[in-house]
> 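Handing you this structure, nothing more for now.
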Amino acid sequence: MELLLLFISQVLVNNFVLARFLGICPFLGVSKRTEVAFSMGLATTFVMTLSAIATWLVQNFILIPFGMQRFLQYVAFILIIASLVQFVEMFLKKTSPTLYQSLGIFLPLITTNCAILGLALLAALNEYSLIQSTIFGFGAGVGFTLAITAMAGIREHIEFSDIPAAFKGVPITLVTAAIMAMAFLGFSGLIPM
Amino acid sequence: MKKLTFKGGTHPPHSKKATEKLALEKANAPKIVVIPMQQHIGAPCDPIVAVGDEVKVGQKIGEAKGFVSVPVHSSVSGKVTAIEPRLYSGGTKVTCVVIESDMQDTIHESVTSKGSLEALSADDIKNIIKEAGIVGMGGAAFPTHVKLAPPPEKNVDTVILNGAECEPYLTADHRLMLENPEDVVYGLQAFMKALNVSKGYIGIEDNKMDAIEAMEKAAQGKEGIEVVALHAKYPQGAEKQLIYACTKREVPSGGLPADARVVVNNVGTAAAVAKAIKTGMPLVERIVTITGEGISNPKNLFVKIGTSFREVIEQCGGFKGNPQKIIAGGPMMGIAQFNIDIPVIKGTSGILTLSENELQLSDPLACIKCGRCIEVCPIGLLPTKLESFSSRNMLMEAENYHVLDCIECGSCSFICPAKRRLVESIRLGKAQVMAEKRKAKA
Amino acid sequence: MEHGNLVVSSSPHIRSKESVNSIMYNVIIALLPATVAAIYFFRLRAFLLIAVSIIAAIAAEAIILKIRKKPIAINDGSAIITGLLLALTISPAMPLWMAVVGSVVSIGIGKQVYGGLGSNPFNPALVGRAFLIITFPVQMTTWINPIDGLATATPLGLQKMEGIGTGYLELLLGNVGGSLGETSALLLLIGGLYLIYKGIIRWYIPVSYLGTVAAMSLILGSDPIFQLLSGGLMLGAFFMATDMVTSPVTKKGQLIFGIGAGLITIIVRLYGGYPEGVLFSILLMNIFTPIIDKYAMPKIYGEVKSK
Amino acid sequence: MGATYEFYKGLWKENPVFRMVMGMCPTLAVTNAAINGVAMGLATAFVLVCSNIVVALIKTLIPSKVRIPAYVIIIATFVTIADLILAAYFPDIQKVLGLFIPLIVVNCVILARAEAFASKSNVRLSILDALGMGIGFTWALTLLGIIREILGMGSIFGISLFGEGYISWIIFILPPGAFLTLGLLIAFFNAFSKNKAEDSCCH
């Protein structure tokens, strides 16, 4: 039950994009087409879950025992994430060319998605257990997917609208994000954090 | 009685009151007829008469070229005065044979009875129909003999006669069914024999109960023929919708009625076939409903092919008030005319003169996504999306959203509260997609 | 009988009588009973709030259209509806200037930045109302009792915070605390049924929405009738969730929309931080409307058998 | 283009926030108060300058295949330094900025400058570029912070402006207000400039 709440909290209440401002770059940049956005979300969710596990292992078996988390955490985490993404890319290429076709192009982008590093750092900060970290990573990924897909849907929908010139592009996307964030605030208080 | 129908559709005001009770009359004999060499879908005819030739009623004056084509006959007796391109209701110019009538209506010697239906073979019937120049009288004017020759592997088992007359204003078929139901049934029997099928439906909308009764009476004792009442809803008379209503079968996307094992013909076509077999008279005359708020005396008239709209309108007392639009055909799918010096042709089911009040002209507003167009689309398309794609030349998206399945019935434009010109854009998109496809093939 | 100026345009040549204007004005008519009740219950305060909201909405629309150099089409009635709906969702104790802020946000952020009528993905009134409740939470949730004018809580708030129930009859008639337009469930229901009767809206969204709320409250052990009659549910289900521009276009899509909104409403009401979830639920479903529209397509004639 | 241009372009013409729309996460997350905007901007500028210098210095030594990971390590190192400095001297601010200090590592502004500029230019120009971008980033965040703080709390750099009676517009210090303020600001700048803001973050 506690894990379920953690999951729901990451998807709805503390949505990474709309409440925590993590992963804004792809949220704004890769949300022009629904299908593409959804694939991006899937790829991100996948990497998020994996890196939540990987960084937990490194944090608890290497950094903490050797007392290095204060100085090497950032470097270590970003290296883990970068190599993980690289590994996933190679793995996909070998095992599932079709999946690689649809997700592959996003993988390099994911390394610099601050949602991944943010997730690893948050999990470490909250001293989550391995299973909690995994759920946390997965939930955050699902929340990200939800937000980016919905955003892409709206952007496709307003593509032909007569939007005032000054608002075309980035501003209207931000205004839409603002309204989405307002709506998601409705879930606040749903889960006592 | 069960009322059959289809999914979607809309209820435009019937507007048939003005003419539905008016018996058929013969139009005044025209002094000059202008007979286009193309009045049907398919290849145009070659004129086989020359300027100065004397012709008689029922004489062939244009020879069909190719299978999907039918000959054209003279509707009067008299002298050919010109063979030249003239404007017709399609909006363009086509080669026309102009004949000055001698007002004698001498009948050509080829016009003789073809004998009884029992004595004729299926091929005889098809041949008679082709030689009589018979085309779909509902408006599309597709050569009827082509419909009667489906590939044998389609296993056609049903003929449907379309007496729905779902287009508002028009009452030509209604009057025909009331006044001459026997010929309609006779024609249906001819179709059934030509196709070797045992099931025939006559579908009539339930706003014409008197026609249903008359047809039922005429069909009594005729084996395999069933008169069915259809829910009065537009476009009940569209081929695919009619097939669904009668048989619950669907014509596959991109397919023909024969793919649903059905052939559909108009009741008017059936009557024309009956006439061609019984008397030998080819299609030289048709029933036209002349109505609308812009005409003095609305009428249902037998009009000789080639008579000008102007003459017909004059016979109906001329214009009343200030009509805004003249339409050849019905208000939902007919074609607006900019000139009334054009001939009545085989497919002219009505001449409408609409007033400003009837037209409700207004400028299109932004789409408010009310979904009305989707609700009424008898095919289940998303007209608002198709319009948006078509008007932006996004042909691939339009095709993916099945633009080619649109039957252009006009229900979406009719219902749209923002008065957007949906069909107009979709029709354009459809044409472009088809052009692209042809290009890709070539 | 020469005839020069014939109109030549593409078929069809006749149009239905229904227009955008007639739709909008019918919605306004349907809102009238609740509006009159609001003024009856909360007197001058209600009248002023409603008037100010509507005037501000129209003014904002006109000014923005003027700046955008577009035809000032304020007679389509949509700005009036936005202003009126917004007014009906705010507390009678609200300062007038906040209502103006709400109207301006509704029209500006909720509608005109997207290009005006028909283009906005979110219900403008709801955007304004969400903005207000997030911006001024205290003023937006200070309620007064229609009978004595004293401070009170809404039936939902009473139920949630203090476990005090409110009688069905009071909820139906509307002499309870709450926003201007959410007091009398009965009058809203009458207005909604009028819209369905007139064919302006379809039943799909209201029925699936209300049905989901009722079913879910039954499952989760709450009084379904109380849940149906209280808060902004009737107003939301009949007048906001059914906003054509921001709800799905197909029957299937509308049913999904209603069920989704119902689920969110009941979850927020029973478990969330806010006592009322109608506003957020509809706004959230607005977010997903384009995606619902993309996948909830009608069955196409002849599609099954095609290769 | 002269050396001064490399400095000036970051201030407006290629302003990372308002024109290039980069580094959105910290831009939105920490600007609920003016002081946070300043601090975040300066911390980013510090990392930007330092990493640009190092990248420009050692660019010839790094094989191009592993250059991105190498840049990331360089950046991460300076971020750690910045974090420790902040923690030592400005612990309050370090706490408020929290997660977003380590996240400077993946701020696309920095990686983009390293990749697009420092790896191709000399140290002098790289410093000018980084300074320009850093200051551009800082003023953008500060402006956002000021607007949101005034509206959301009625104060500026913590100094109350309107006294007790002011009713705060709370939305502006919450997430929706961040998106809204930035969106409206970029639209405002768009309206007064020839070229539109382009999202250049994810390419």
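Naming convention: chains lettered A, B, ... in sequence-line order (proteins, then strands); numbering from 1 in each chain.
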> Using heavy-atom distances under 4.5 Å, tell me whether F100(D) contacts chain A through its side chain, its backbone, both, or neither.
side chain
> I'd like to know whether CZ of F157(D) has more than 12 heavy-atom contacts from other residues, nucleotides or ligands below 6.0 angstrom.
yes
> Within a radius of less than 6.0 Å around CZ of F78(D), do more than 12 heavy atoms belonging to other residues, nucleotides or ligands occur?
yes
> To the nearest 0.5 Å, how far apart are CD1 in I73(D) and CG in L79(A)?
4.0 Å
> Would you say Y8(D) has more than 12 foreign heavy atoms packed within less than 6.0 Å of its OH?
no
> Could you have a look at A166(A), A181(A), S83(A) and say which one has the most heavy-atom pairs with chain D under 4.5 angstrom?
A166(A)
> When you compare the side chain of L99(D) with that of L22(A), does any pair of heavy atoms fall below 4.5 Å?
yes
> Go through the atoms of I78(A) and report whether side chain, backbone, both or neither lie under 4.5 Å from a heavy atom of chain D.
side chain
> Show every salt bridge (charged side-chain N to carboxylate O under 4.0 Å, His left out) that has at least one partner inside residues 69-84 of chain D, sequence neighbours left out.
R70(A)-D83(D)
> Determine which pairs satisfy side chain to side chain donor-acceptor pair (under 3.5 Å) with at least one residue from residues 173-187 of chain D, sequence neighbours left out, and list them in order.
none
> Would you please go through residues 113-124 of chain A and name the residues with a non-hydrogen atom below 4.5 Å from one of chain D, in numerical order?
C114(A), L117(A), G118(A), L121(A), L122(A)
> Can you find a pair of side-chain heavy atoms, one from L184(D) and one from P171(A), that are under 4.5 Å apart?
no
> Please look at L180(D) and chain A and tell me whether the side chain, the backbone, both or neither of the residue comes under 4.5 angstrom of a heavy atom of that chain.
both
> On a heavy-atom basis, which atom in C25(D) and which in G23(A) lie closest, and how many Å separate them?
SG-N, 3.7 Å
> For A177(A), is it the side chain, the backbone, both, or neither that has a heavy atom closer than 4.5 Å to a heavy atom of chain D?
both
> Is the count of non-hydrogen atoms from other residues, nucleotides or ligands lying under 6.0 Å from F87(A) atom CZ greater than 12?
no
> Working to the nearest 0.5 Å, report the span between CD1 of I81(D) and OH of Y74(A).
12.0 Å
> If you count the non-hydrogen atoms of other residues, nucleotides and ligands that lie under 6.0 Å from CZ in F38(A), is the total more than 12?
no
> So which atom in F21(A) and which in F179(D) form the shortest heavy-atom distance, rounded to 0.1 Å?
CE2-CE1, 3.7 Å
> Got L84(D) and F71(A) here, is their nearest side-chain heavy-atom distance under 4.5 Å?
yes
> Working to the nearest 0.5 angstrom, can you tell me the gap between I172(A) CD1 and I186(D) CD1?
12.5 Å
> Where is the tightest heavy-atom contact between M24(D) and C25(A), given as atom of each residue plus distance?
N-SG, 4.4 Å
> Counting only heavy atoms closer than 4.5 Å, note whether I68(D) contacts chain A via side chain, backbone, both or neither.
neither
> Are M182(A) and I171(D) close enough that some pair of their side-chain heavy atoms sits under 4.5 Å apart?
yes
> Highest number of heavy-atom pairs under 4.5 Å with chain A: which of G183(D), A191(D), A187(D), P26(D)?
A187(D)
> Is the number of heavy atoms from other residues, nucleotides or ligands within 6.0 Å of CZ (F90(D)) greater than 12?
no
> If you tally heavy-atom pairs under 4.5 Å against chain A, which of I75(D), L185(D), L28(D), N190(D) wins?
L28(D)
> Excluding sequence neighbours, so at least two apart, what forms salt bridge (charged side-chain N to carboxylate O under 4.0 Å, His left out) with R124(D)?
none
